[in-house]
Amino acid sequence: MFENLSDKLDRAFKVLKGQGSITEINVAETMKEIRKALLDADVNYKTAKTFTDDVRTKALGENVLTSISPGQLLTKLMNDELTALMGGTTAELDLKPSPTIILIAGLNGAGKTTFTGKLANYLKTQKGKKPLLVADDIYRPAAITQLQVLGEQVGIPVYANPESKDPIAIAREGIAQAKQNGNNVVIIDTAGRLSIDEAMMVEIEQVKAAVNPHEILFVVDAMTGQDAVNTAKVFNDRLDFTGVVLTKLDGDTRGGAALSIKSVVNKPIKFIGTGEKMEALDVFHPDRMASRILG
Ligand code: GDP
């Protein structure tokens with residue numbers, strides 16, 4: 001059976017069990033095991049190495065407490081270190097501008113449209129906002145319908161212009177409508193592709209330049225592991241996004257993606273998707289994710 005990260009860490013800690021102090025030798029062995037476990041959980045090599053090197057240095061440092069076991073000490077150090085690597089604290093959306101313009105980007109199937117609905121629902125019910133959704137995917141007529149269905153479910157209006165083939169114009173029209181109707185948040189759901197594509201990148205860059213969003217959220221499927229990290233890097237190089245949304249963390253999760261993405265693109269993870277329902281959205285808490293990765 002597939003062994004998960006926490007099982008592997010448990011096994012790694014056994015190396016230290018019963019030993020009164022942390023020595024160069026036993027900590028080095030344990031770190032090797034932990035690094036292997038992190039790599040298996042799709043944490044990229046550089047991140048895993050930096051992480052284990054830091055924990056190792058701290059474990060061997062002068063602050064070692066004799067009152068707790070080496071295993072407990074390492075667990076705490078790893079928790080603190082993972083939390084810090086994932087940003088330390090929760091990163092909030094900038095909702096001060098009115099209307100706040102939020103651009104949603106990512107590949108097809110990542111969960112963009114679902115997240116757009118969830119975010120609108122969250123902003124309405126938790127933050128007292130009045131959002132408008134904009135259907136800016138001109139390639140898939142079904143995408144417009146999908147957003148309209150979600151909008152109806154959560155009681156949020158959707159701006160669409162099925163006649164238009166101009167995503168910049170549609171985005172601008174949506175914002176104009178929001179201003180007219182007193183919507184204080186505009187969430188623009190953009191077109192994706194199955195894989196990274198130059199035309200898609202140019203298009204979303206143009207939409208960004210035209211509407212000057214306050215937030216650009218990059219949506220990525222947490223189950224895609226190392227691909228998620230590579231995609232995040234390309235989107236960030238082109239769009240300089242303001243935050244990441246990790247979806248599908250309800251499945252057989254690879255918590256490692258959270259750690260790698262944060263350390264590779266150095267942008268905060270702002271939300272996590274935990275299911276298909278409109279309520280299945282959580283604000284990202286680095287400390288909770290650290291505990292989850294460690295099991
Ligand atoms: P888009 O192409 O990026 O707009 O992706 P969609 O929003 O259409 O989502 C693709 C599929 O993933 C749909 O079947 C969604 O129901 C599903 N999905 C989206 N977010 C989540 C999530 O957090 N958990 C699970 N289990 N499924 C999700």
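Predicted, not measured: the structure shown is a model, and the values here were computed from it. Remember, it's 1-based here, ligands and their atoms both numbered in the order they're listed. Sequential numbering from 1 along the given sequence is applied to the chain's residues.
Salt-bridge formation is detected for the pair Lys270/Glu215: a Lys NZ or Arg NE/NH1/NH2 atom is positioned less than 4.0 Å from an Asp or Glu carboxylate oxygen. For the pair Glu205 and Lys208, the salt-bridge criterion is not met [side-chain N within less than 4.0 Å of a carboxylate O].
The residues lining ligand 1, counting any heavy atom closer than 4.0 Å, are Leu107, Asn108, Gly109, Ala110, Gly111, Lys112, Thr113, Thr114, Lys118, Gln146, Lys248, Asp250, Gly273, Thr274, Gly275, Glu276.
Heavy atoms from other residues, nucleotides or ligands lying under 6.0 Å from NZ of Lys165 number more than 12.
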Donor-acceptor pairs under 3.5 Å, side chain of residues 197-204 to any protein atom, not counting sequence neighbours: which ones?
{"unit_1": "Asp197", "atom_1": "OD1", "unit_2": "Ala199", "atom_2": "N", "d": "2.8"}
{"unit_1": "Asp197", "atom_1": "OD1", "unit_2": "Met200", "atom_2": "N", "d": "3.0"}
{"unit_1": "Glu198", "atom_1": "OE1", "unit_2": "Arg238", "atom_2": "NH1", "d": "3.1"}
{"unit_1": "Glu198", "atom_1": "OE2", "unit_2": "Arg238", "atom_2": "NH2", "d": "3.0"}
{"unit_1": "Glu203", "atom_1": "OE1", "unit_2": "Tyr139", "atom_2": "OH", "d": "2.3"}

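Not counting sequence neighbours, Phe284 has no partner by the ring-ring contact (aromatic ring centres under 6.0 Å, His included) test. With sequence neighbours left out, the side chain to side chain donor-acceptor pair (under 3.5 Å) criterion links Thr89 to no other residue.
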